[in-house]
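The structure appears below as structure tokens.
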Amino acid sequence: MALTESEYIWMDGARVPWREAQVHVLSHGLHYGTGVFEGIRAYPTADGPALLRLDEHLDRLFRSAKMLRMTLPHGKEELRAATLELVRANGHRSCYVRQLAHLGYGVMGVDPTGAPVHVSIASWEWGAYLDGADRGVRLMTSSWRRNDPSVVPTAAKATGPYLNSALAKLEARDAGFDEAVLLSTDGYVSECSGENIFVRRGDVLYTPPSSAGALEGITQDSVTALATDLGLTVRRENLLRSDLYAADEMFLCGTAAEVTPVRSVDNREIGEPGPVTGKIRDAFTAAVTGADERYRHWLTYVG
Ligand SMILES: Cc1ncc(COP(=O)(O)O)c(C=O)c1O
């Protein structure tokens, strides 16, 4: 997906011009995938752009780093302030923010001991992440299984394990689908290459647990809160592949993908975006744009 350049990137404590935010080719993270990251969206509100659930994203960044035994050289408050300052400096009305901590240049070999930790924050304007988001996306079950929690800490949003997502996405696109569903090693539905999954069956919404290898999605948490406030029952339970085929409605959610309806899975039609998906999408939009006051505490205004 093409990238729209902004003016600045924050790198190791200072704002630099976008094209000067560069790293050495012998950076440890480039060779061994030793990095952690976050994706955050800022939405337009009546009071200017606001970052959605910034604190939860920062907390997950620090939790991910801890799982990889990386010590970030900047504290949460500093990264929070740097993120707000960058979005302000880039002059966005709305944007996507990418925070990254990676191991840099200085040691070679798998052992990361002694490698410096670099932190960067970028922001750019990004529209719909998945092709066909409005009419519903077409999914394919990947032949690649999801990273197993016994192999890598799947709760960490770490760079290396995204090879698994990239392989699944390529396979799905090559086969003419929009996105891939990954199953866990024991055959339960885990998540998509960059989104969590929700299925409606009757009056209940189901979403897979993190024990199936899925990231603990912050949008998954937001959708759970919105759905509960709409009077729906949400259950975090293991799902079978056939549960997707039998879904009354299905949608994906994530920071980049927001709430995206699913039209079919493995060529089994689920259909046009359904009524519950529509209600959740509307509730999500009202929450992230500050129109629904009940969720204002999710927003950090850029100012
Ligand atoms: C693999 C994967 N699952 C789920 C998600 C959704 O997580 P969140 O809602 O916190 O962005 C993402 C995106 O960050 C992801 O990359």
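Whatever order the structure lists them in is the order used to number ligands and atoms, beginning at 1. The figures that follow rest on heavy atoms only: side chains count, while hydrogens, waters and symmetry mates do not.
Counting only heavy atoms of the protein, atom 14 (O) of ligand 1 lies nearest to K157 NZ, 2.8 Å.
Side-chain atoms of H118 and M11, non-hydrogen and from C-beta on, never get closer than 4.5 Å to each other. A heavy-atom distance below 4.5 Å is found between the side chains of Y32 and M108. Annotation: side chain of V276 is not in contact with side chain of F198 (no heavy-atom distance under 4.5 Å).
Assignment of S193 to the shell around ligand 1 is supported, since a heavy atom sits closer than 4.0 Å. Residue contacts with ligand 1: R146 is included, with a non-hydrogen atom under 4.0 Å away.
Between D134 and R281 a salt bridge is recorded (basic side-chain N to carboxylate O distance below 4.0 Å). Under the 4.0 Å criterion applied to side-chain N and carboxylate O atoms, R19 and E5 are assigned as salt-bridge partners. Using a 4.0 Å cut-off between a side-chain N of Lys or Arg and a carboxylate O of Asp or Glu, E272 and R135 do not qualify as a salt bridge.
Counting heavy atoms closer than 4.0 Å to ligand 1, residue L215 contributes side-chain atoms (C-beta onward) but none from N, CA, C or O. Counting heavy atoms closer than 4.0 Å to ligand 1, residue E216 contributes nothing at all.
Compare G39, A256, S222, G194 by their heavy atoms: the one nearest to atom 5 (C) of ligand 1 is in G194. For atom 4 (C) of ligand 1, the choice among E258, E191, R53 with the nearest heavy atom turns out to be E191.
Checked against a 3.5 angstrom limit, the closest N/O atoms of H57 and ligand 1 fall outside it.
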